[in-house]
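Throughout, residue positions are numbered sequentially from 1 according to the sequence presented. None of the values given here were measured: they were computed from a predicted structure.
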Amino acid sequence: MKALTNRQTEVLNFIKDYRSKKSYLPTMREIAEYFEISVKAAYDHVKALEKKEVIKCNLRRSRSIEIVKSAEVDDLISVPILGNVAAGVPLLAEENLDGHISIPLRFLKKGEHFALRVKGDSMKDAGILEGDVALFVMQSNAENGNIVVAMLNDEAITLKKFYRETNRIKLKAENPVYPPIYTQNVKVLGKLIFILRSYD
């Protein structure tokens, strides 16, 4: 099965959830209403899923979507790798696309996702090592204790634990060698979902 985009995966997941709850399939209008898009846009997403052979449908009949058996096993989503993130001293962000990885849908949360390669050892006590690929859900907010990728001073990105204090943000390493970073100029880019590691 070809890897799906984020939106295609969300549409497929909605179709499956709808079927699971109601025992029948949604119409184009119901898909459109759920995603707050036009019926034509819903149609385009469904046709794209059909082209990638994860569903079959007869658009002349209502509720005629059929999920292909292979799509029931493991939906894959294509996640972009956007360069490197420092787990140590903040590293200049390299917003260059550095390939894609295909991730099973069951590992992901709702929303847009991206991945970064980890450099440095400041998060080693949290089990995050240099060379790992860190996968994030894109979001601009965080709760205390979340591991986030954050941009400092509009130029450098780093991977740290997030804590909001009275007049500043603390970004804490999980390695006693590295002192916390205190700043007021920080932008959360995403929350860590999981780590991929190769033992080659």
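Looking at residues two or more places apart in sequence or on another chain, you find a side-chain contact (heavy atoms from CB on, under 4.5 Å) between Ala150 and Val148, Leu171, Val186. Taking the ring-ring contact (aromatic ring centres under 6.0 Å, His included) definition, one finds that Tyr182 meets it with nothing, sequence neighbours left out. Among residues two or more places apart in sequence or in another chain, the side-chain contact (heavy atoms from CB on, under 4.5 Å) test is passed with Asn185 by Asn153, Asp154, Thr183. Not counting sequence neighbours, the partners of Arg168 by the side chain to side chain donor-acceptor pair (under 3.5 Å) test are Glu165. Judged as a ring-ring contact (aromatic ring centres under 6.0 Å, His included), and not counting sequence neighbours, the contacts of Phe114 are Phe136. Considering only residues two or more places apart in sequence or on other chains, Ala32 meets the side-chain contact (heavy atoms from CB on, under 4.5 Å) condition with Ile37, Val39, Ala42. Not counting sequence neighbours, Glu130 has no partner by the side chain to side chain donor-acceptor pair (under 3.5 Å) test. The side-chain contact (heavy atoms from CB on, under 4.5 Å) test applied to Ala115 returns Val79, Ile81, Ile101, Val133, not counting sequence neighbours. Applying the side chain to side chain donor-acceptor pair (under 3.5 Å) criterion to Asp44, with sequence neighbours excluded, gives Lys40. With sequence neighbours excluded, the residues that form a side chain to side chain donor-acceptor pair (under 3.5 Å) with Arg7 are Glu10.
With rounding to the nearest 0.5 Å, the separation of NZ in Lys51 from CD in Gln8 is 10.5 Å. With values rounded to the nearest 0.5 angstrom, Ile15 atom CD1 is found 6.0 Å from Leu49 atom CG. Of the inter-residue distances, the one linking Gln184 atom CD with Leu152 atom CG reads 13.0 Å to the nearest 0.5 angstrom. Interatomic distance, CE of Met123 versus NZ of Lys160, reported as 7.0 Å (0.5 Å rounding). Atoms OG and CZ, on Ser38 and Arg29 in that order, are 10.5 Å from each other to the nearest 0.5 Å. We find the OG-NZ distance between Ser122 and Lys161 to be 12.0 Å, quoted to the nearest 0.5 Å.
Classification of Lys124 and Glu174 as a salt-bridged pair fails, no side-chain N sitting under 4.0 Å from a carboxylate O.
Both Tyr24 and Met28 are part of a single hydrophobic cluster, where members link through side-chain heavy atoms under 4.5 Å apart. A chain of hydrophobic side-chain contacts below 4.5 Å, direct or via other Ile, Leu, Val, Met, Phe, Trp or Tyr residues, connects Ile147 to Met151. Linking Ile, Leu, Val, Met, Phe, Trp and Tyr residues whenever their side-chain heavy atoms come within less than 4.5 Å places Ile55 and Tyr34 in a single cluster. Placement of Met138 and Val118 within a single hydrophobic cluster is found when ILVMFWY residues are connected by side-chain heavy-atom separations under 4.5 Å, directly or transitively. Linking ILVMFWY side-chain heavy atoms closer than 4.5 Å, directly or via other members, places Val137 and Phe194 in a single hydrophobic cluster.
Among residues at least two apart or in separate chains, salt bridge (Lys or Arg N to Asp or Glu O under 4.0 Å) pairs with a member in residues 181-199 are Asp132-Arg197. Residues in residues 134-143 take part in no side chain to side chain donor-acceptor pair (under 3.5 Å) pair, two or more places apart or across chains.
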Report the C-alpha distance between Leu116 and Ile157 in whole Å, list the side-chain angles of each, state the deciding distance to 0.1 Å, and finish with yes or no for side chain to side chain contact (heavy atoms under 4.5 Å, CB included).
CA-CA 10 Å; Leu116 296 165; Ile157 59 174; 4.3 Å; yes
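Inter-residue side-chain proximity for Leu192 and Leu135 is flagged as unmet; no heavy-atom pair is nearer than 4.5 Å. The side-chain heavy atoms of Ile169 and Tyr163, taken from C-beta on, include no pair separated by under 4.5 Å. Looking only at side-chain heavy atoms (C-beta outward), Pro176 and Asp125 come within less than 4.5 Å of each other.
Using a 30° and 60° split on the angle between ring planes, Phe14 and Phe35 fall in the perpendicular class, above 60°.
For the residue pair Tyr178 and Ala173, the shortest heavy atom distance occurs at CB-CB, 3.7 Å.
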